[in-house]
Amino acid sequence: MSGGRASQDASPNGLHASSNGLRESPDGLHASSTELRQSPDGLHASPSESHANPVPLEAGSAEQQASPGARGVSPVPQDAASTTSPRSARQGANVHAWVELLRLPALFTVPGDALAGAAAAGARPNPRTLVAIASSLCLYEAGMALNDWADRAEDAVDRPHRPLPSGRISPTAALAAAGGLTAAGLALASTAGRRPLAVAGALAATVWSYDLVLKRTPAGPVAMAAARSLDLLLGGVAANGDIRRALPSALALGTHTLAVTTVSRHETQGGSPWAPLSGLATTAALAWSITRDGTEQDRQPVRDRRLGRDLHAGQDRHAGGARQPGGARKQPGRDRKPGPDWQSGGARPPGRAAATAANLVSLRGALAAVYAATAARPLFHAALNPSPQLTQRAVGGGIRAMIPLQAALAARSGAPVTALLTAALAPAARRFGRKVSMT
């Protein structure tokens with residue numbers, strides 16, 4: 001066989017000359033190939049011959065590669081990939097459709113509501129705060145699903161790529177998801193007590209009223225602002241805080257939401273620059289209100305969230321002393337046991353208290369600056385050119401700006417750890433927001 005192959009390689013013209021003969025007698029070719037398959041050892045019978053002509057070795061290696069069973073490897077069915085890859089592709093497409101419908105990157109803006117609410121209410125975060133966050137996440141996603149269900153006819157014209165008009169998710173499934181998430185959010189809030197359940201119920205009613213009735217009315221932005229404010233109050237109530245102290249922070253967050261929602265009413269077709277300009281004015285006013293001196297939160301004692309002690313109490317004691325039973329005031333250096341009060345478990349030294357207060361002022365100022373920069377830049381671009389694309393970017397920037405705003409409100413309430421934890425969510429929101437739109 002090697003000799004015949006060599007002769008063919010040596011005289012290719014002879015091979016072409018006898019090609020007609022090969023075509024006229026195909027049975028002879030089949031017979032010879034059968035002999036080769038019946039006697040494969042003949043290829044290895046003469047090593048010298050194999051070295052002289054390496055072509056049969058190549059043919060043998062090709063034959064071994066074509067039959068992995070000869071090497072002890074079980075062959076893989078060729079139709080395995082064809083049966084699994086379409087299914088996995090469909091599953092991946094369905095998951096991406098739901099991620100797009102629920103706008104999952106926007107979820108990073110939700111935990112800060114409950115955290116800022118607990119800080120503004122003068123309470124420390126506790127397990128009930130986590131319950132409030134979980135309830136808020138469910139109600140927020142219920143609003144997202146219900147929003148697309150209510151806008152499916154409008155999206156079919158303006159945004160046909162959305163999951164519902166494109167047919168990737170059925171309207172029935174979206175409505176069922178909205179109902180199920182609402183029920184889950186209310187059930188979670190009920191485990192935190194009656195007051196959290198009442199606030200969560202008002203929040204759910206506001207969300208459904210906005211999506212189904214109020215969205216296209218002048219009251220739409222006000223309803224959305226009320227929903228965000230209620231979400232912050234839910235965190236304060238769940239942490240057993242004073243809800244009246246949380247009202248200024250809830251008003252600030254609601255004001256920002258009002259401005260963003262007003263801009264979003266023109267995100268599909270564009271509009272006048274007045275909505276972005278009003279958003280710029282609102283952002284500047286909120287940033288100033290957070291950083292200004294003399295706020296109600298500044299006049300109240302700043303509390304150390306780790307120890308639960310009054311940082312200003314030590315300075316007041318050492319400056320004015322304490323009254324004796326007869327009405328006379330003790331002097332700071334007399335009638336006192338050796339050692340400062342803070343060493344025996346009292347308040348912290350006045351120097352550290354002042355330093356902590358200064359750090360809080362610096363922290364909230366930095367967070368307010370981040371908030372202003374995040375919201376103002378896309379709003380400025382949309383004011384210069386109120387096109388749909390730039391308007392959508394302004395809305396997305398306003399949604400992301402809620403995170404530094406929540407952190408700044410927590411810092412203003414005297415909770416630096418909560419503020420930093422909230423601010424840490426901003427990079428994740430920005431990163432995932434580049435893959436899936438928040439609007």
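Distance check: Met144 CE to Leu102 CG gives 8.5 Å after rounding to the nearest 0.5 Å. Note that CG of Leu390 and CG of Leu379 are 11.0 Å apart. Values are rounded to the nearest 0.5 Å. The distance from the CG atom of Leu146 to the CH2 atom of Trp208 is 5.0 Å, given to the nearest 0.5 Å. Taking OG1 of Thr262 as the start and CG of Leu258 as the end, the distance is 4.5 Å to the nearest 0.5 Å. Considering CG of Leu186 and SG of Cys138, their distance stands at 9.5 Å, rounded to 0.5 Å. Here the NE2 atom belonging to His381 is positioned 12.5 Å from the CD atom belonging to Gln389, to the nearest 0.5 angstrom.
Counting heavy atoms from C-beta on, the side chains of Thr282 and Val260 never come closer than 4.5 Å. Residues Pro221 and Arg265 have side chains in contact (heavy-atom distance under 4.5 Å, counting atoms from C-beta outward). Annotation: side chain of Met402 is in contact with side chain of Thr257 (closest heavy-atom distance under 4.5 Å). You'll find the side chain of Leu277 reaches within 4.5 Å of the side chain of Leu280, heavy atoms only. Looking at Ser135 and Pro196, their side chains never come closer than 4.5 Å, going by heavy atoms from C-beta outward.
With hydrogens and angles disregarded, a donor-acceptor distance shorter than 3.5 Å links the side chain of Arg128 to the backbone of Ala238. The main-chain N or O of Thr206 is never found under 3.5 Å from a side-chain atom of Ser209 such that the two would form a donor-acceptor pair. Thr291 places a side-chain N or O within 3.5 Å of a backbone atom of Ala287 that can act as its donor or acceptor partner. Between the His266 side chain and the Gln392 main chain, no donor and acceptor come within less than 3.5 Å of each other. Distance alone, capped at 3.5 Å, is enough to place a donor-acceptor pair between the Thr191 side chain and the Leu188 backbone. Within the 3.5 Å criterion, the main-chain N or O of Arg159 finds no donor-acceptor partner in the side chain of Arg162. Side-chain N or O atoms of Ser278 include one that pairs as donor or acceptor with a backbone N or O of Ala275 at under 3.5 Å.
For Asn94 and Arg168, the side-chain atoms include no donor-acceptor pair closer than 3.5 Å.
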Could you go through residues 106-117 and list every donor-acceptor pair under 3.5 Å that involves a side-chain atom there, pairing it with any protein atom two or more places apart or in another chain?
| residue | atom | partner | partner atom | Å |
| --- | --- | --- | --- | --- |
| Thr109 | OG1 | Ala106 | O | 2.6 |
| Thr109 | OG1 | Arg228 | NH2 | 3.0 |
| Asp113 | OD1 | Arg228 | NH1 | 3.3 |
| Asp113 | OD1 | Gln406 | NE2 | 2.6 |
| Asp113 | OD2 | Arg228 | NH1 | 2.6 |

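The side chain to side chain contact (heavy atoms under 4.5 Å, CB included) check on Ile243 picks up Arg195, Leu233, Val237, with sequence neighbours excluded. For Tyr210, there are no ring-ring contact (aromatic ring centres under 6.0 Å, His included) partners at least two apart in sequence or on another chain.
Heavy atoms only, all atoms of each residue included: Val207 and Gly143 are closest at CG1-CA, 3.5 Å.
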For this session: Check the pair Lys215 / Glu154 against salt bridge (charged side-chain N to carboxylate O under 4.0 Å, His left out), numbers first and verdict last.
Result: CA-CA 13 Å; Lys215 178 185 295 186; Glu154 179 181 348; over 6 Å; no

For this session: Let me see the working for Arg400 and Leu425 under side chain to side chain contact (heavy atoms under 4.5 Å, CB included), right down to the final yes or no.
Result: CA-CA 10 Å; Arg400 292 194 307 271; Leu425 298 173; over 6 Å; no

